[in-house]
Every structure is written in structure tokens, then in C-alpha cells.
2 protein chains.
Amino acid sequence: MKVSTKSRYGMIILIDLARHDGNGPVQVGEISKRQDISVKYLEQLILQLKKANLITSIRGAKGGHVLAKDPRQITIGHVFKIFETNKNMGGCFCNQEDCRMADACRVRNVWQEAIETFYEKLESTSIADIKENICCE
Amino acid sequence: MKVSTKSRYGMIILIDLARHDGNGPVQVGEISKRQDISVKYLEQLILQLKKANLITSIRGAKGGHVLAKDPRQITIGHVFKIFETNKNMGGCFCNQEDCRMADACRVRNVWQEAIETFYEKLESTSIADIKENICCE
DNA sequence: TTAATTATATATTATTTCTGTAGAGTTTAA
DNA sequence: TTAAACTCTACAGAAATAATATATAATTAA
């Protein structure tokens, strides 16, 4: 059970934008240099963040990316839900597609609860809360 | 973020033993047949469950395995902690070994809390609770 | 217009992790 | 003597993840 680097990078991108909030759009090239992530990879990640309405992009020369929301409204939980697929989470121990217990399955229920509380915690913290309290640049 | 099949199998093994509790030791061959897991793989998993004091084994002919505890005292959380390595969980977003924020890092703290509540939930449910409420045999 | 920059989609490679099997010998107890 | 667990190790295949690469289109500032 581990977190993908995509979630980690996703967070880093948003924190980077939060830190440069108000200075005009930030270009992928800048983020790439600062965070040591390839431009092409960044584009893929940013695309997902855009689809989730966390980033707005300005096209053309002098374009770039900015946060689409107040950093206080972007939570860690939200970002993780974008990048984590949660495969095999919330399921049963039996590997059957057609579970004959369906809703009555205790395992499914416990799982569901555990994951919900997990994300609730992560949703209690925003980009704004942490942007100055992490060790990376 | 997904659960390894080892955790799943670990649960299945314990549930199998719980269901045959009181009928003498259960042999790996039986579990293998019932659950369709190879004997060799079972041995590896059982070894880990033994080290965690969840299973006791009886050597020699007519030997086998039994639960080391009351099924009510074996929780899902406990089993998962055995098999999930939690790599990258609880860490920071920065990939640095020598985090210069250390304890002050907000991310680490939030993480820690989220994982704790997650396991707390899973620890509220025992093998005894679920052994009759899952769809697999 | 031109250069800069994002948008989009797809393909490919590399790396890592996970699964599961297998072997070979040891120990224990009926 | 035999059945079964114990232990340790190696390996192979599969799957997932990570990252790079390619190509083309669209947009906009200067």
C-alpha cells in the first residue's frame, strides 16, 4: 500500500503554483527546473489537475499555469483522489466479480469506512496549510 | 494505493482456520485445495503469520496449523500491518532522506494521522466478526 | 507574422514491484 | 519410517509504474 509518485508530484506542482501565486502564470519549464521533473511528464500531470479544475492554463506566448482556486480550498485528499486509482480498495477478500453477499459483505463495509476516514483526514488539510511547512524547495 | 494479494490471502488463511477451529490442526494441503493457493506460497504466508503470533503450528505427522488466539482478538488491521509495507506512506512529498523540517513537516503529520485512523477502523473488526459474512468459501 | 507556449494523444522504453513457483535440506512426532 | 511442518533461497513471469519521446494542433504576445 503505497502512494504513487504522481500524487507526490501533483502536490509538488500545486505547492509550486501556490508559492508563485500572484506573479502571473507559471510555465512548465520553470516548474521543471525547480522541481526536477521532465516537461513532458509535467504536462501529463498538469492535464489531470486541469481536468479536476484545480489549475487554469493560459495559452500562447507568456502563458502558463495558475491555481484555479484559493489554495485554502485545495486539499491533500482531493489531489490524492485524482491520482490514486484505489484498485483493490473497497473490495472483498474473495476475488469474485459476482460476490454473492454483495451489500451484506462485512469486509466491503469495513473497507469503505476505513478509506472514508482516511480521506476525511487528508481533506482537512489544504495546500495553503502546508505550502510553507515542507522541506522541499 | 492498493492492497497486496498477500494481505488478502493472509485474511483468507485466517478465516479458513477460524472456520475449522476446534477440529484439530489444519494442514496446508487442505487450505491449498480449499482456497486454491499453492502449498509453497501458503508456507511463506503462514510463516509470516506465525512470526506475528497469529498462528501456532504442530509439527510432524498429523500436524498442521491452528489459530494462536481467539478469532475475536485477531483484527483486519493487525493482518494488514503484517503484509503491507507502507512504503512511501507517512513520508513527505519531498523525496529527501535528510528532511530539514523533520518533525515540523506538516505533511508527515497529516499523513500519520490519516494512516492511524485508517488502521483504527480496520482494527475495530475481527476475524470472528467477518468469518461468516464474506462471499468466498 | 513569428516565436513561445499550451493542448492532446499516443507510443515506447525502462524500472520496479508483486506474484507465484520451485528446490533442497532440516526437524519433529505419530 | 513416514508425513508433515520449517527454513531459506533463488528465480521467472506478470503487472504496474514511471518517465521519455514523438507529433501535431491551437493560441496569443510582441
Side-chain angles (χ1 to χ4, degrees), chain A residues 1-13 17 20 24-33 35-68 80 82-89 93 95, chain B residues 1-13 17 20 24-33 35-68 80 82-89 93 95:
Chain A
M1 224 164 67
K2 71 176 193 187
V3 174
S4 71
T5 59
K6 286 190 180 179
S7 287
R8 205 163 61 74
Y9 285 153
M11 287 299 305
I12 287 175
I13 290 167
L17 293 185
H20 296 84
V26 179
Q27 293 163 7
V28 283
E30 298 176 46
I31 306 178
S32 171
K33 251 187 262 171
Q35 309 297 348
D36 195 31
I37 309 171
S38 87
V39 168
K40 279 297 172 188
Y41 203 33
L42 274 175
E43 281 176 350
Q44 286 176 33
L45 303 175
I46 287 173
L47 188 63
Q48 284 190 259
L49 292 168
K50 281 188 56 165
K51 281 181 182 161
N53 298 312
L54 298 187
I55 288 181
T56 301
S57 304
I58 295 99
R59 286 184 143 197
K62 306 266 176 180
H65 308 273
V66 293
L67 292 183
F80 275 56
I82 295 167
F83 294 106
E84 303 299 324
T85 51
N86 289 353
K87 247 192 215 167
N88 292 349
M89 270 218 171
F93 295 136
N95 219 7
Chain B
M1 225 166 64
K2 72 177 193 186
V3 174
S4 71
T5 60
K6 287 190 178 180
S7 287
R8 206 165 61 74
Y9 285 153
M11 286 300 304
I12 286 175
I13 291 167
L17 293 185
H20 295 84
V26 179
Q27 293 164 7
V28 283
E30 300 176 45
I31 306 177
S32 171
K33 251 186 265 172
Q35 309 296 348
D36 195 31
I37 310 171
S38 86
V39 168
K40 277 296 176 187
Y41 202 33
L42 275 175
E43 280 175 350
Q44 286 176 31
L45 303 175
I46 288 174
L47 188 63
Q48 284 189 260
L49 292 168
K50 282 190 56 166
K51 281 181 182 162
N53 298 313
L54 298 187
I55 288 182
T56 302
S57 305
I58 295 99
R59 287 184 141 197
K62 307 264 174 181
H65 307 273
V66 292
L67 292 184
F80 275 55
I82 294 167
F83 293 107
E84 303 299 324
T85 51
N86 289 355
K87 248 192 214 167
N88 293 351
M89 271 220 170
F93 296 134
N95 219 6

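Every value quoted in this text rests on a predicted model; they were computed, and no experiment measured them. Letters A, B, ... are given to chains in the order of the sequence lines, protein chains preceding strands, and every chain is numbered from 1.
DNA chain C is contacted by both Leu47(A) and Lys6(B); Leu47(A) maps to the nucleotide lying nearer its 5′ end (nearest heavy atom per residue). Of the two residues near DNA chain D, Val28(B) and Lys51(B), the one whose nearest nucleotide lies more 5' is Val28(B).
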Tyr41(A) and Lys6(A): CA distance, side-chain angles, deciding distance, side-chain contact (heavy atoms from CB on, under 4.5 Å) verdict: CA-CA 10 Å; Tyr41(A) 203 33; Lys6(A) 286 190 180 179; 3.6 Å; yes
- request: Check step by step if side-chain contact (heavy atoms from CB on, under 4.5 Å) holds for Ser32(B) and Ile37(B).
  value: CA-CA 5 Å; Ser32(B) 171; Ile37(B) 310 171; 5.7 Å; no
message: Before you tell me yes or no, could you show the steps for Leu54(B) and Leu67(B) under side-chain contact (heavy atoms from CB on, under 4.5 Å), namely the whole-Å CA-CA distance, both residues' side-chain angles and the distance that decides it to 0.1 Å?
response: CA-CA 6 Å; Leu54(B) 298 187; Leu67(B) 292 184; over 6 Å; no
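Picking from dA5(D), dT19(C), dA7(C) the nucleotide with the shortest atom distance to the side chain of His65(A) gives dA7(C).
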Please produce a list of atom pairs where a protein N or O lies less than 3.5 Å from an N or O of nucleotides 14-16 of chain C.
none

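Between the CD atom in Gln48(B) and the CD1 atom in Ile55(B) there is a gap of 11.0 Å [rounded to 0.5 Å]. Leu45(B) contributes atom CG, which lies 14.0 Å from atom NZ of Lys50(B) (distance to the nearest 0.5 angstrom).
One can place CD of Gln27(A) at 11 Å from P of dA4(C), the figure rounded to the nearest angstrom. The distance from atom CD1 of Ile31(B) to atom C1' of dG20(C) is 17 Å, rounded to the nearest whole Å. Distance Leu45(A) CG to dT8(C) P: 15 Å, rounded to the nearest Å. Look at CD on Gln48(B): it is 13 Å from C1' on dC18(C), rounded to the nearest Å. Put simply, CG on Leu42(B) is 13 Å from C1' on dT19(C), counting in whole angstrom units. Between the NZ atom of Lys50(B) and the P atom of dT28(C) there is a distance of 12 Å, rounded to whole Å.
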task: Scan nucleotides 19-30 of chain D nucleotide by nucleotide, 5' to 3', and note B when protein non-hydrogen atoms come under 4.0 Å of the base, S if they reach only the sugar-phosphate, - if neither.
output: BBBBB--SBBS-
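In terms of modelled atom types and a separation under 3.5 Å, the side chain of Glu30(B) and the main chain of Gln27(B) share a donor-acceptor contact. Side-chain atoms of Glu84(A) come within 3.5 Å of backbone atoms of Ser4(A) as a donor-acceptor pair (strictly under, hydrogens ignored). Using modelled atom types, no side-chain atom of Thr5(A) and backbone atom of Arg8(A) make a donor-acceptor pair closer than 3.5 Å.
Using a 4.0 Å heavy-atom cutoff across all strands shown, Gly64(A) reaches sugar-phosphate atoms only and no base atom.
Annotation: side chain of His65(A) is in contact with side chain of Ile46(A) (closest heavy-atom distance under 4.5 Å).
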